[in-house]
Each structure stands twice: as C-alpha cells, then as structure tokens.
Amino acid sequence: MSDVFSEAASWLSDGSHWSGVDGVPHRLVEHVAYTALTVGIAAAIALPLGLWIGHTGRFRGLAVALTGALRALPTLGVLTWMVLWQGVGLTPATVALVVLAVPPLLAGAYSGLESVDRATIDAARAIGMTEWQILIKVEIPLALDLILGGVRSAVLQVVATATIAAYIGLGGLGRYLIDGIAVRDYAQMLSGSIVIVVLALVLDGLFALVQRRTAHP
C-alpha cells in the first residue's frame, strides 16, 4: 500500500503531468467549470423556488418530499438514462449533476427563511413593509447563513461527483480515475483522487469563511 502512495507522490511531482491538455491544471479548470455550470443552473431553479416556499409556507410538504426523492436517485443511474435518451455529450452529465445539486439548495433556502423569528417578520409588516421588502431586506439577510450552507453542500457534492463526466468521455479530474482503471495505473487514480479531495477541502474552507462572516450572533 505504501508503494502506491510513493508512486502517487512521484506521479504528482512529475512536471509532465502539470502541462498540456492532460495536465492537472487543465483538468482542474474543466472540473471547476462543470461544477460552476451545474451549481449555477441548479441555483437558478432551486433558490427562487425555495425562497418562495419559505416566505409563503406553501407546498412545504411537497418540497420536503421532492428533495428526499431527488436525493434517493442514483447519479450514475440518471447519467446512464440520459445518455441512452440524449446520447453522449455535456447535456447528460449536466442534467445528472443538476439533479444532485437541487435538493441541498432548495432545502437550504426554505429552511433558512423558516428559521427567521416570526416576531421580526410581524414587526416588519407592522411598520408597512411590503412582502417583497420583507423578503429582500429582512428574511434573506437573516437566513443567509443557512442559504449559503445549502450552496456549500451542493458545491461539495457536485465536486465529488463530477468525476462521472469522464465516464462518458468528457474531461475533468475524473479522467485520471477512468483512464487509470483502464490500464490499472493505481498511482494515477490515487493522484486524481488526492487532487479532488484537496479541491473539495479548499472550497469547503472558503465557504466556511464566508458563512462565518455572514453568520448572525
């Protein structure tokens, strides 16, 4: 086992693996791009819906059931189904990852607004604020910590799962895992896994700092 780690260290320290289209920087940019695209689409769908559910209290039971059902879907199964339906390309991987990212974003948005003290909202109504002003100026700022928690969870899940993009011939850090399996290059597989873990830890640390700055005492 220690030989594999030594070989992985040698693989990572080899300058040839840090240049060109197969180099770590290029694959890292592809991986981050897939993550940003997926979380961006999921946020455009889930955040407005979650804020509306949290503000109005309508369809909360449906939202809970929906997030639970989406979390139960196997990402690789969704990807395989999309490939059979749409063919190989960026769209199947994007759809599979969006399905993975929507539940934490939706739950973070509506649970965040539900955590706001109702007396604070009633006070805002009492001074004449409109429902839109209450949402923008009262509820979202007070719920921002939990909303960011949902975004943080979605980003980390997508970073860890975006390796499946390589399964259908796309790029990203998953290429090191898929290519390594094909030729039993365990050093390459371990090196790719290490880069993905480091990326996830860095992103998690950044979100932790942002949440700490936005958290209310």
Side-chain angles (χ1 to χ4, degrees), residues 31-79 93-125 129-165 196-197 199-217:
H31 203 89
V32 172
Y34 292 147
T35 302
L37 173 66
T38 304
V39 175
I41 294 174
I45 298 170
L47 289 183
L49 182 60
L51 294 176
W52 179 77
I53 292 171
H55 178 73
T56 63
R58 295 176 182 173
F59 302 110
R60 185 185 183 283
L62 179 61
V64 172
L66 178 64
T67 54
L70 290 177
R71 279 176 169 147
L73 290 175
T75 307
L76 188 57
V78 174
L79 176 64
T94 302
V95 171
L97 294 175
V98 166
V99 169
L100 175 72
V102 163
L105 289 166
L106 184 62
Y110 72 70
S111 62
L113 263 62
E114 288 177 348
S115 69
V116 178
D117 189 350
R118 306 317 296 176
T120 303
I121 297 173
D122 292 339
R125 287 197 177 98
M129 293 180 72
T130 65
E131 294 301 312
W132 178 252
Q133 288 174 325
I134 292 172
L135 175 64
I136 298 299
K137 296 182 178 180
V138 178
E139 291 180 306
I140 291 180
L142 291 175
L144 191 57
D145 183 35
L146 288 178
I147 295 172
L148 285 175
V151 177
R152 178 182 179 181
S153 178
V155 168
L156 294 179
Q157 289 186 43
V158 171
V159 164
T161 315
T163 52
I164 64 172
I196 294 170
V197 169
L199 174 62
L201 290 176
V202 169
L203 291 174
D204 191 43
L206 291 175
F207 272 104
L209 287 175
V210 174
Q211 277 189 281
R212 185 176 298 176
R213 287 180 176 274
T214 57
H216 291 273

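Only this structure's heavy atoms are used, side chains among them; waters, hydrogens and symmetry mates stay out.
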By side-chain contact (heavy atoms from CB on, under 4.5 Å) - contacts of [X] (at least two apart):
X	value
A208	R152
A165	Y34, A93, L170
S153	P104, Q157

With side-chain contact (heavy atoms from CB on, under 4.5 Å) as the test, would you mind laying out the steps for D122 and R125 before giving the verdict?
CA-CA 5 Å; D122 292 339; R125 287 197 177 98; 3.8 Å; yes

Would you compute the distance between atom [atom1] of [X] and atom [atom2] of [Y] and round it to the nearest 0.5 angstrom?
X	Y	atom1	atom2	result
K137	M129	NZ	CE	5.5 Å
D117	E139	CG	CD	11.5 Å
S111	I53	OG	CD1	11.0 Å
L206	L201	CG	CG	11.0 Å
L100	L70	CG	CG	9.5 Å
L97	I41	CG	CD1	10.0 Å

Where the side chain of T161 meets the backbone of V158, is there a donor-acceptor pair that is under 3.5 Å apart?
no

Main-chain N/O of D145 paired to Q211 side chain as donor or acceptor, under 3.5 Å
yes

Looking at [X] and [Y], what are the two nearest heavy atoms and their distance?
X	Y	value
I134	A124	CG1-CB, 3.9 Å
A42	V102	CB-CG2, 4.0 Å
G112	S115	O-OG, 2.5 Å
L51	A109	N-CB, 3.9 Å
L156	A200	CD2-O, 3.4 Å
L148	F207	O-CD2, 4.5 Å

Going through the distances and angles, do H31 and T35 end up as a side-chain contact (heavy atoms from CB on, under 4.5 Å)?
CA-CA 6 Å; H31 203 89; T35 302; 4.2 Å; yes

Which is it for V95 and L79 under the side-chain contact (heavy atoms from CB on, under 4.5 Å) test, yes or no, and what are the steps along the way?
CA-CA 8 Å; V95 171; L79 176 64; over 6 Å; no

Residue of the set I147, L146, V64, L47 for which side chain to side chain contact (heavy atoms under 4.5 Å, CB included) holds with Y110
V64

Walk me through it: do L199 and V202 pass the test side-chain contact (heavy atoms from CB on, under 4.5 Å)?
CA-CA 5 Å; L199 174 62; V202 169; 5.5 Å; no

Would you say that more than 12 heavy atoms from the other residues, nucleotides or ligands in this model lie under 6.0 Å from the CZ of R58, or not?
no

